[in-house]
Amino acid sequence: MTTAREIMTRDVTCAQEKETLADAARKMADLNVGSLPICGDDNRLHGMITDRDIVIKAVAVGRSPGEVLAGELAQGKPVTIGADDDAAEILRTMAQHKVRRLPVIDGHQLVGIVAVADVARALPDSPVGDLIDAISE
């Protein structure tokens with residue numbers, strides 16, 4: 001069965017936990033993406049940040065994106081998938097946590113990201129449709 005390693009996007013750019021939300025937003029704009037993993041000085045994954053997080057958790061409540069650090073939005077343990085986990089596990093994890101993107105971890109190292117679009121390209125329509133229904137509730 002297809003594994004995360006086979007369908008993931010490999011070139012992952014992180015928002016560093018000590019950089020501002022404005023810097024993270026510029027990276028997102030430059031890369032034309034809506035989310036970035038948040039990495040620490042130890043090069044480990046500390047969370048994920050989305051363009052929506054920046055708007056809802058900073059801008060909408062009057063906090064300056066130029067002053068708030070990305071690490072402040074890294075809450076709890078990030079939801080991840082192992083590089084050798086199969087497509088069924090990817091689908092289960094995305095549906096259970098209602099996420100559209102999963103950081104892919106090999107050991108303790110971030111090696112990629114699996115997005116719903118990656119899953120859609122790799123799997124038959126039925127499981128993908130069920131996933132979209134589950135995360136869209």
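The closest donor-acceptor contact from the side chain of Glu19 to the backbone of Gln16 lies under 3.5 Å. Looking at Gln96, its side chain never comes within 3.5 Å of a backbone N or O of Thr93 through a donor-acceptor pair. The main-chain N or O of Cys14 is found under 3.5 Å from a side-chain atom of Lys27 such that the two form a donor-acceptor pair. In this structure a side-chain-to-backbone donor-acceptor pair under 3.5 Å is present from Asp86 to Glu89.
When all heavy atoms of Leu21 and Ala58 are compared, the pair lying nearest together is CD1-CB, 3.5 Å. Thr20 approaches Pro65 most closely through the heavy-atom pair CB-O, 3.4 Å. Pairing each heavy atom of Ala83 with each of Val111, the nearest pair is CB-CG2, 4.3 Å. Nearest heavy-atom pair across Ala74 and Ile38 is CB-CD1, 3.8 Å. Nearest approach of Gly82 to Val104, heavy atoms of both residues: C-CG1, 4.1 Å. In plain terms, the two heavy atoms of His46 and Cys39 that are nearest each other are CD2-C, 3.9 Å.
With rounding to the nearest 0.5 angstrom, the OG1 atom of Thr80 is 11.0 Å from the NE2 atom of His108. Interatomic distance, Leu73 CG to Glu17 CD, rounded to the nearest 0.5 Å: 12.0 Å. Rounded to the nearest 0.5 Å, atoms CG (Asp106) and CD1 (Ile81) are 12.5 Å apart. Taken to the nearest 0.5 Å, the CD1 atom of Ile90 stands 10.5 Å off from the CE atom of Met8. For the atom pair OG1 (Thr50) and CZ (Arg101), the distance works out to 7.5 Å, reported to the nearest 0.5 Å. With rounding to the nearest 0.5 angstrom, the CZ atom of Arg26 is 13.0 Å from the CG atom of Leu31.
Under the 4.5 Å side-chain criterion, counting only non-hydrogen atoms from C-beta, Pro37 is in contact with Val12. Taking 4.5 Å as the limit, some side-chain heavy atom of Met28 sits within range of a side-chain heavy atom of Leu36. Lys18 places a side-chain heavy atom less than 4.5 Å from the side chain of Asp41.
In terms of hydrophobic clustering, with Ile, Leu, Val, Met, Phe, Trp and Tyr side chains grouped at heavy-atom distances under 4.5 Å, Leu102 and Val119 are assigned to a common cluster. Cluster membership check: Met48 does not share its hydrophobic cluster with Leu69, using side-chain heavy-atom separations under 4.5 Å among Ile, Leu, Val, Met, Phe, Trp and Tyr. Cluster annotation: Val79 is not connected to Ile113 through the hydrophobic network of ILVMFWY side chains, with a link wherever side-chain heavy atoms come within less than 4.5 Å. The cluster map of Ile, Leu, Val, Met, Phe, Trp and Tyr, joined by side-chain heavy atoms under 4.5 Å apart, puts Val68 and Ile49 in the same cluster. Residue Val33 is not grouped with residue Ile7 when hydrophobic side chains (ILVMFWY) are merged at heavy-atom distances under 4.5 angstrom, including chains of intermediate members.
A salt bridge does not link Asp85 with Arg5: every distance from a Lys NZ or Arg NE/NH1/NH2 to an Asp or Glu carboxylate oxygen is 4.0 Å or more. A salt bridge links Glu72 with Arg63: the distance from a Lys NZ or Arg NE/NH1/NH2 to an Asp or Glu carboxylate oxygen falls below 4.0 Å.
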Any chance you could lay out the side-chain contact (heavy atoms from CB on, under 4.5 Å) test for Met94 and Val116, step after step, and finish with the verdict? CA-CA 8 Å; Met94 286 181 162; Val116 172; 4.2 Å; yes

